[in-house]
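As the structure is a computational prediction, the values presented were derived from the model and not from experiment. Side chains are part of it too, since the values below use all heavy atoms of this structure and drop only hydrogens, waters and symmetry mates.
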Amino acid sequence: MAKLMVLTLLGLGLALFRDHRSSYLTRMNAFREIKPVELPNCKLVKGIESGSEDLEVLHNGLAFISTGLKYPGIKVFEPDKPGKILLMDLNEEDPTVLELRITGSNFDLSSFNPHGISTFTDEDNTVYLLVVSHPDLKSTVELFKFQEEEKTLLHLKTIKHKLLPKINDIVAVGPEHFYATNDHYFVDTYLTFWEMYLGLAWSYAVYYSPNEVQVMASGFDFANGINISPDGKYVYIAESMAHKIHVYEKHANWTLTPLKSLDFDTIVDNISVDPVTGDLWIGCHPNGMKVFFYDPENPPGSEVLRIQNILTEEPKVTVVYADNGTVLQASTTASVYKGKLLIGTVIHRALYCEL
């Protein structure tokens with residue numbers, strides 16, 4: 001009887017695996033090949049070799065870049081080195097990166113594993129940098145104060161919460177207030193694989209403050225990038241495996257009401273918002289299988305989308321840049337500043353272009 005039950009369960013498991021395989025491959029864009037879209041004035045950024053997963057550009061042109069992410073299932077080129085936060089001045093003619101020294105007696109640099117980042121500038125022009133980190137594959141938000149003259153980050157606080165178990169990205173709305181996405185419901189690597197394979201759509205977005213933490217949006221098939229409109233009225237969330245960007249109206253009590261969704265033929269990752277125009281710039285993965293099953297002979301490509309007038313009935317979507325992995329592998333983010341474009345990647349390098 002016991003053997004029969006085991007065989008039955010195995011049969012059900014195989015049937016489930018087979019039934020979901022087609023959906024999984026479709027959601028991963030497994031069969032898409034990218035058509036290159038080149039930009040004329042681009043060069044790889046020196047000093048970035050192991051990823052530039054997220055970046056944030058201040059109004060004065062200083063760009064923070066997270067590098068060295070170690071994420072389950074993703075190729076890592078420097079597994080023994082901790083992550084870093086880099087600084088780049090986009091006002092320079094030939095900008096280079098500088099590693100920001102992290103200070104603070106209680107911060108463990110050896111386990112720093114930065115992922116999504118966001119900044120908040122206070123009324124007195126104090127700049128706070130909020131960084132998603134995965135020490136020992138857990139999830140925290142590290143709060144830093146940027147000290148521009150010293151080129152350092154002063155660690156102020158580590159934030160943890162049961163509703164922040166698998167954070168991917170973050171958008172700050174105060175020094176200790178933010179929205180964040182959890183890209184999976186489960187934390188265990190084995191369970192997260194099945195969650196994604198089966199398309200359970202159990203991931204969610206949270207609002208965090210020191211006094212209140214609440215799930216504000218749910219039902220995502222891999223919630224990823226998150227950002228906010230320049231006027232603070234709308235929140236944008238990328239749903240990677242569904243190939244969607246969702247638009248939410250933000251209310252005074254921080255709750256979110258869904259307004260619309262846009263569909264794409266690419267896996268959307270991080271969202272940057274142009275503070276001047278309100279345009280969305282999206283780093284994308286044309287083929288997710290190439291990201292999770294890395295082959296140096298057939299590397300993952302890169303794609304950058306620009307979305308104009310997203311709140312209108314007819315938003316304009318433009319493929320600004322696309323590459324088959326020859327130049328740039330596995331793009332995750334893109335930001336603009338005064339006609340300059342900076343593109344980041346999850347595992348590879350960064351590309352600087354003059355538009």
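Grouping the Ile, Leu, Val, Met, Phe, Trp and Tyr side chains by contacts below 4.5 angstrom, directly or via other members, places Ile117 apart from Leu130. In terms of hydrophobic clustering, with Ile, Leu, Val, Met, Phe, Trp and Tyr side chains grouped at heavy-atom distances under 4.5 Å, Leu90 and Leu55 are assigned to a common cluster. Transitive grouping of hydrophobic side chains (ILVMFWY, heavy atoms separated by less than 4.5 Å) brings Leu87 and Phe144 into a common cluster. Under the 4.5 Å side-chain heavy-atom criterion for grouping Ile, Leu, Val, Met, Phe, Trp and Tyr, Trp194 is connected to Met241 within one hydrophobic cluster. Cluster membership for Phe112 and Leu129, using ILVMFWY side-chain heavy atoms within less than 4.5 angstrom, is shared.
Other residues, nucleotides and ligands contribute only 12 or fewer heavy atoms inside 6.0 Å of the NZ atom of Lys338. For Lys340, the NZ atom sits in a packed shell: over 12 heavy atoms of surrounding residues, nucleotides or ligands are nearer than 6.0 Å. A 6.0 Å sphere centred on CG of Asn106 holds no more than 12 heavy atoms belonging to other residues, nucleotides or ligands. Within a 6.0 Å sphere centred on NZ of Lys151, heavy atoms belonging to other residues, nucleotides or ligands number more than 12. Within a 6.0 Å radius of OH in Tyr185, no more than 12 heavy atoms belonging to other residues, nucleotides or ligands are found. Within a 6.0 Å radius of CD in Glu38, no more than 12 heavy atoms belonging to other residues, nucleotides or ligands are found.
Pairing each heavy atom of Pro114 with each of Val131, the nearest pair is CB-CG1, 3.7 Å. Closest non-hydrogen pair, Ile282 versus Asp269, comes out as CG2-N, 4.1 Å. For the pair Gly47 and Leu86, the tightest heavy-atom approach, listed with the atom from each and the gap, is O-CD1, 4.4 Å. Nearest approach of Ala172 to Ser118, heavy atoms of both residues: N-OG, 2.8 Å. Minimum heavy-atom separation, Ser110 to Pro82: O-CB, 3.8 Å. The shortest heavy-atom contact between Trp202 and Leu200 is CD1-O, 2.9 Å.
A 4.5 Å side-chain heavy-atom check between Lys145 and Thr126 finds at least one atom pair inside the cut-off. Using a 4.5 Å cut-off on side-chain heavy atoms (C-beta onward), Val346 and Leu69 make contact. Counting heavy atoms from C-beta outward, Phe178 and Ile167 have side chains that stay 4.5 Å or more apart. Taking the side chain as every heavy atom from C-beta outward, Tyr321 and Leu351 approach each other to under 4.5 Å. Using a 4.5 Å heavy-atom threshold, the side chains of Pro315 and Leu262 count as touching. You'll find the side chain of Glu148 stays beyond 4.5 Å of the side chain of Val127, heavy atoms only. Between Leu342 and Val45 there is a side-chain heavy-atom pair separated by less than 4.5 Å. A heavy-atom distance below 4.5 Å is found between the side chains of Pro230 and Val273.
In this structure, the salt bridge (charged side-chain N to carboxylate O under 4.0 Å, His left out) partners of Glu303, at least two apart in sequence or on a different chain, are Arg32. Applying the side-chain hydrogen bond (donor to acceptor under 3.5 Å, both in side chains) criterion to Asp263, with sequence neighbours excluded, gives Lys244. For Asn324, the side-chain contact (heavy atoms from CB on, under 4.5 Å) test picks out Ile34, Thr326, with sequence neighbours left out. Looking at residues two or more places apart in sequence or on another chain, you find no ring pair (Phe, Tyr, Trp, His ring centres under 6.0 Å) involving Phe120.
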Worksheet item: Does the pair Tyr24 and Met289 meet the rule for a side chain to side chain contact (heavy atoms under 4.5 Å, CB included), with working shown?
Response: CA-CA 10 Å; Tyr24 176 72; Met289 292 295 283; 4.0 Å; yes
Item to complete: Would you please test Asp221 and Ser203 for side chain to side chain contact (heavy atoms under 4.5 Å, CB included) and show each step?
Response: CA-CA 6 Å; Asp221 190 359; Ser203 68; over 6 Å; no
Item to complete: Check the pair Thr345 / Gln329 against side chain to side chain contact (heavy atoms under 4.5 Å, CB included), numbers first and verdict last.
Response: CA-CA 7 Å; Thr345 67; Gln329 301 178 15; 5.8 Å; no
Worksheet entry | side chain to side chain contact (heavy atoms under 4.5 Å, CB included) assessment of Thr333 paired with Ser272 | CA-CA 7 Å; Thr333 185; Ser272 295; 3.8 Å; yes
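Residue pairs meeting the disulfide (SG to SG under 2.5 Å) criterion with at least one partner in residues 287-343, sequence neighbours excluded, do not occur; the list is empty. Counting only residues at least two apart or in different chains, ring-ring contact (aromatic ring centres under 6.0 Å, His included) contacts with residues 40-83 comprise Phe64-Phe146, Tyr71-His115, Phe77-Tyr294. Residue pairs meeting the ring-ring contact (aromatic ring centres under 6.0 Å, His included) criterion with at least one member in residues 336-355, sequence neighbours excluded, do not occur. Under the disulfide (SG to SG under 2.5 Å) criterion, no residue pair touches residues 51-155, with sequence neighbours excluded. Applying the disulfide (SG to SG under 2.5 Å) test to residues at least two apart or on different chains, the pairs with a partner in residues 301-355 are Cys42-Cys353.
Between the side chains of Thr255 and Asn253, at least one donor-acceptor pair of N or O atoms lies under 3.5 Å. There is no side-chain donor-acceptor pair under 3.5 Å between His285 and Asn29. Counted by atom type alone, Glu56 and Thr119 present one or more donor-acceptor pairs between their side chains at under 3.5 Å. Side-chain contact check for His134 and Ser139: at least one donor-acceptor pair (N or O, by modelled atom type) lies under 3.5 Å.
In this structure, CD1 on Ile48 lies 6.0 Å from OG1 on Thr67, to the nearest 0.5 angstrom. To the nearest 0.5 Å, the span separating CG on Asn227 from OG1 on Thr181 amounts to 11.0 Å. Lys70 NZ to Asp136 CG: the interatomic distance, rounded to the nearest 0.5 Å, is 11.5 Å. Between the OH atom of Tyr204 and the NZ atom of Lys166 there is a distance of 11.0 Å, given to the nearest 0.5 Å. To the nearest 0.5 Å, atoms CG (Asn287) and CD1 (Ile267) are separated by 7.0 Å. With values rounded to the nearest 0.5 angstrom, Asp169 atom CG is found 7.0 Å from Glu53 atom CD.
Leu137 belongs to no hydrophobic cluster with other residues, because no ILVMFWY side-chain heavy atom falls under 4.5 Å from its own, directly or through intermediates. Summarising the hydrophobic clusters (Ile, Leu, Val, Met, Phe, Trp, Tyr; side-chain heavy atoms under 4.5 Å, direct or chained), the residues clustered with Val187 are none. Listed by chain and number, the hydrophobic cluster partners of Val171 are Val173, Tyr179, Tyr207, Met216, Phe220, Ile226, Ile228, Val235, Ile237, Tyr248, Trp254, Leu256, where partners are ILVMFWY side chains within reach of under 4.5 Å, directly or through others.
Residues Lys290 and Glu33 are paired through a salt bridge, judged by an N-O separation under 4.0 Å between the basic side chain and the carboxylate. Comment: Arg306 does not engage Asp274 in a salt bridge, judged by the lack of any side-chain N to carboxylate O separation of less than 4.0 angstrom.
A donor-acceptor pair is defined here as one N or O able to donate and one able to accept, closer than 3.5 Å; no such pair exists between the side chain of Arg101 and the backbone of Glu150.
Taking the six-membered ring for Trp and the full ring otherwise, the centers of His184 and Phe222 sit less than 6.0 Å from each other.
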